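Everything numeric in this text was worked out from a predicted model, so none of it was measured. Atoms considered below: every heavy atom in the structure, side chains included; atoms not considered: hydrogens, waters and symmetry mates.
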Amino acid sequence: MELKFFKRNRTLIIKIDGEIDHHTCETLRGETDRAFEKMGGKNIIFRMGDVSFMDSSGIGAIIGRYKNIQRLGGRIAVAEANQRVEQIFQLSAMQSLIPSFPNLDLALEYVEGGKE
Amino acid sequence: MELKFFKRNRTLIIKIDGEIDHHTCETLRGETDRAFEKMGGKNIIFRMGDVSFMDSSGIGAIIGRYKNIQRLGGRIAVAEANQRVEQIFQLSAMQSLIPSFPNLDLALEYVEGGKE
Amino acid sequence: MEYQNAFRVFFAAKSQNEALARIMTAAFLSQYDPTLSEITDVKTAVSEAVTNAIIHGYEEKTGEVELFCGYKDGQVYIEVADQGKGIADINQAREPLYTSKPELERSGMGFTIMETFMEGIRVESRQGEGTRIYMVKTLTTE
Amino acid sequence: MEYQNAFRVFFAAKSQNEALARIMTAAFLSQYDPTLSEITDVKTAVSEAVTNAIIHGYEEKTGEVELFCGYKDGQVYIEVADQGKGIADINQAREPLYTSKPELERSGMGFTIMETFMEGIRVESRQGEGTRIYMVKTLTTE
Ligand SMILES: Nc1ncnc2c1ncn2[C@@H]1O[C@H](COP(=O)(O)OP(=O)(O)O)[C@@H](O)[C@H]1O
Ligand SMILES: Nc1ncnc2c1ncn2[C@@H]1O[C@H](COP(=O)(O)OP(=O)(O)O)[C@@H](O)[C@H]1O
């Protein structure tokens, strides 16, 4: 798994490439939290277009970030998830908390639309 | 492993794609012998540029074809073998019987140069 | 049962072997021309079960995980086993969203995913002795 | 020996599992950032040993092949074993170009290739009980 971090307005964008499982989630969690602290910001978007595999560990990691962010009044969203990743989100009913958008622009619109 | 058969003059050219091991050699042997019988010809060239793996089973199969062909007065050559395949040929000292050429043209020149 | 082909592997209960288990499973399956989606279904279920063995069975301590893959008449049979802690209440464990390790950010969706992506799942577990999961999937054949 | 990571797999002595054994080995090795050439060396040696178990050990009849891969301090340890026929004369068997199955178009180069591509190889065999090959390779580390 490879991670790339970008900042747009007050949103940290994390592009995930490769496999998300319990093993790689440790990196995903650690690096996301570090980047969020260092780069500042309020919201998080996970760009998942290049995720080649994800199991339930991915749900745990995303919900974990949601819990942290939400405490600070921020929003979190997922963008570009493929059908398989989407299916796993649906099973977990995660989408009531963390919406999933087909592209980055829609995700940005949603997270930046949160109250100040 | 995938095989493609071509005929040029009196030479059957076999392009091998993929892995050559004991398992795939059965196909390699069977299809080569069938094609040789059906398409006629005198010589054989194995084009090995797209062989991604080969173990000693490959040597056995090539020498086996050599023995058949030689009885009929034909020649056999290898073309485009990568460094790894070349190394395995060298270990077996097979090259005294079956020369290996960097490209098809040189291999053709050699096999077609045999006596009528 | 007489399988047409099968392997049984034992590996160290280390998280980097989750990917190894998936690759082994996919390589075995690919002999039978499954669809990409079938491969992913089985890989995902194996990933869940192996992860559970490592983090729940052995609680991330030393141990050995067993993975079996067998094929017979269009069906793939999977077993994942550990000799770890065992499950006290299997019914509760299989409930969606139930996890005994929220502090590790587990989602409690492992069993639900195994049930969704495979056809049958059976759980054998004894506290202090370990857990064995059996799963089956029928491959579509052309 | 305490390995830093290891797996031990048992699979049916079928020729399609030669590729499976190579994939498993390569997937295990790739955790340690080997060079492509090191991966191919080990895959080739494993392929030779597994093929020998299938065609010489079990003479293409039913049986189970065992493959072990372990890693410790920059070295990869491989074991391939069968419970087949066994080798009567190990020295003769290890000679380049010696084969007991010329009718199967074997080249007699299996042991030579294992010796060339791995650093150490040890052969344990008893007639009627089976054969176990041990091989080691040191990975270059940056
Ligand atoms: N191999 C196992 N050994 C011990 N307990 C297990 C095992 N597998 C699952 N469990 C128990 O079942 C619960 C639910 O498992 P699961 O649905 O996979 O969710 P999660 O792994 O996210 O906790 C786990 O939290 C754990 O308590
Ligand atoms: N696992 C085994 N069981 C029984 N005999 C074996 C085994 N491996 C090797 N041999 C014997 O050693 C000989 C040489 O093996 P090898 O160098 O790999 O060449 P090849 O496989 O081409 O015959 C074989 O022909 C066989 O007689």
Legend entry - Residues which pass ring-ring contact (aromatic ring centres under 6.0 Å, His included) with A:F53, listed by chain and number, not counting sequence neighbours: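 ring-ring contact (aromatic ring centres under 6.0 Å, His included) check on A:F53 returns nothing, list empty.
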Legend entry - Non-neighbouring partners of C:A45 that pass side chain to side chain contact (heavy atoms under 4.5 Å, CB included), sequence neighbours left out: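 If we apply the side chain to side chain contact (heavy atoms under 4.5 Å, CB included) test to C:A45, skipping adjacent residues, the hits are C:M114, C:M118, C:M135.
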Legend entry - Proximal component of A:M94, with respect to chain C [non-hydrogen, under 4.5 Å]: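 Neither part.
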Legend entry - Heavy-atom contact with chain C under 4.5 Å, split by part of A:I88: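 For A:I88, the contact with chain C is made by the side chain alone.
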Once you leave out hydrogens and angles, what donor-acceptor pairs under 3.5 Å do chain A and chain C share?
| from | atom 1 | to | atom 2 | distance (Å) |
| --- | --- | --- | --- | --- |
| A:E19 | OE1 | C:R22 | NH2 | 2.5 |
| A:D21 | OD2 | C:R22 | NH1 | 2.8 |
| A:D21 | OD2 | C:R22 | NH2 | 3.0 |
| A:H22 | ND1 | C:E18 | OE2 | 2.5 |
| A:H23 | N | C:E18 | OE1 | 3.0 |
| A:H23 | ND1 | C:S15 | OG | 2.5 |
| A:H23 | ND1 | C:Q16 | N | 3.4 |
| A:D55 | OD2 | C:S47 | OG | 2.7 |
| A:S56 | N | C:E48 | OE2 | 2.6 |
| A:S56 | O | C:S107 | OG | 3.3 |
| A:S56 | OG | C:E48 | OE1 | 2.7 |
| A:S56 | OG | C:E48 | OE2 | 3.2 |
| A:S57 | OG | C:R106 | NH1 | 3.1 |
| A:R65 | NH1 | C:E105 | OE1 | 3.0 |
| A:R65 | NH2 | C:E105 | OE2 | 3.0 |
| A:R84 | NH1 | C:D41 | OD1 | 2.6 |
| A:R84 | NH2 | C:S37 | O | 3.2 |
| A:R84 | NH2 | C:D41 | OD1 | 2.8 |

Legend entry - For A:D50, side-chain hydrogen bond (donor to acceptor under 3.5 Å, both in side chains) partners two or more places apart: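 A:D50 satisfies side-chain hydrogen bond (donor to acceptor under 3.5 Å, both in side chains) with A:K15 only.
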Legend entry - From A:L91 atom CG to C:I113 atom CD1, the distance as rounded to the nearest 0.5 Å: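 Spacing of CG (A:L91) from CD1 (C:I113) equals 6.0 Å.
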Inset, instruction - Give a yes or no on this: more than 12 heavy atoms of other residues, nucleotides or ligands lie within 6.0 Å of atom NZ of A:K4. - result: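 No, the 6.0 Å shell around NZ holds no more than 12 heavy atoms from other groups.
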Legend entry - Region of C:L104 in contact with chain A, defined by heavy-atom distances below 4.5 Å: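 Only the backbone of C:L104 comes within 4.5 Å of chain A.
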